Amino acid sequence: MNHTNTPGESQRKAKPVAPKVKELTDRTKSIILATVDAEGNPNSSYAPFVQEGNTFYILVSFMAKHTKNLSEGRKTSVMFIEDESDTKQIYARERLTLEVKSSQIERDSETWNTIVTRLKKRMGK
C-alpha cells in the first residue's frame, strides 16, 4: 500500500481509514521522517510515535537536525513501512507515505504530559 495524504488538518472531515492502513500504523512503533533544512538539503531520520486520531505525536531531541527542520515549519514527509523481517517480498513491503505539517506542543502542557505518558506506556522507558 502506498498512500499520500495531508494530516494535521483535523478541522477537515477525515476520510475513513482503510483497515490495512490502521493495521500498519498499529504495528509500527517508529515513523520515518523526511525533512529539509533552510538550504533545501534533505535529512532523513526516525522517531517513535503515538497516534491520536489523524495526528501522530513524536518526542524529539533539541540536538537532532530534524527538530530544527520541523520547528521551522519546513516541508515534511513521514513514512510507515512494514518490517523487513515480516515481508515475503522485499520489493513489495507495505508502506504509507504522508505529507504533514508539524507543530510544537509546549512542554509540561496537558497535551504534552498525556502524550509523554502514552509514549512511555507504548515504548517503555
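In what follows, residues are counted from 1 in the order of the sequence shown. A quick note: this is a predicted structure, and the numbers were derived from the prediction, not measured.
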Contact list for residues 31-51, test side chain to side chain donor-acceptor pair (under 3.5 Å), sequence neighbours left out: T25-Q51, T35-N69, D37-N41, S45-H66
Side-chain (T67) to main-chain (S61) donor-acceptor, under 3.5 angstrom: yes
Shared hydrophobic cluster, V100 / I31 (ILVMFWY, side-chain heavy atoms < 4.5 Å): yes
Atom pair CZ (R93) and CD1 (I81), whose distance is rounded to the nearest 0.5 Å: 3.5 Å
Test item: S71 side-chain N/O and K68 main-chain N/O as donor-acceptor pair under 3.5 Å: yes
Cluster check L119, I105: I/L/V/M/F/W/Y, side chain < 4.5 angstrom: yes
Sequence neighbours excluded, every pair satisfying ring pair (Phe, Tyr, Trp, His ring centres under 6.0 Å) that has a member inside residues 106-125: none
Connected via hydrophobic side-chain network under 4.5 Å: V78 and L96: yes
F80 reachable from V21 in the ILVMFWY side-chain graph, under 4.5 Å edges: yes
Least distance between heavy atoms, V36 atom then P42 atom: CG1-CA, 4.2 Å
Shared hydrophobic cluster, F49 / L98 (ILVMFWY, side-chain heavy atoms < 4.5 Å): yes
For S85 against D83, the heavy-atom pair lying closest together: OG-OD1, 2.6 Å
Of all pairs that satisfy salt bridge (charged side-chain N to carboxylate O under 4.0 Å, His left out), the ones with a partner from residues 103-122, not counting sequence neighbours: E52-R118
Minimum-distance pair of heavy atoms, taken over all atoms of S102 and L70: OG-O, 2.8 Å
Least distance between heavy atoms, A92 atom then E82 atom: O-OE1, 4.4 Å
Q104 versus F62, closest heavy-atom pair with distance: NE2-CZ, 4.3 Å
Validation row: E99, K75 side chains within 4.5 angstrom (heavy atoms): no
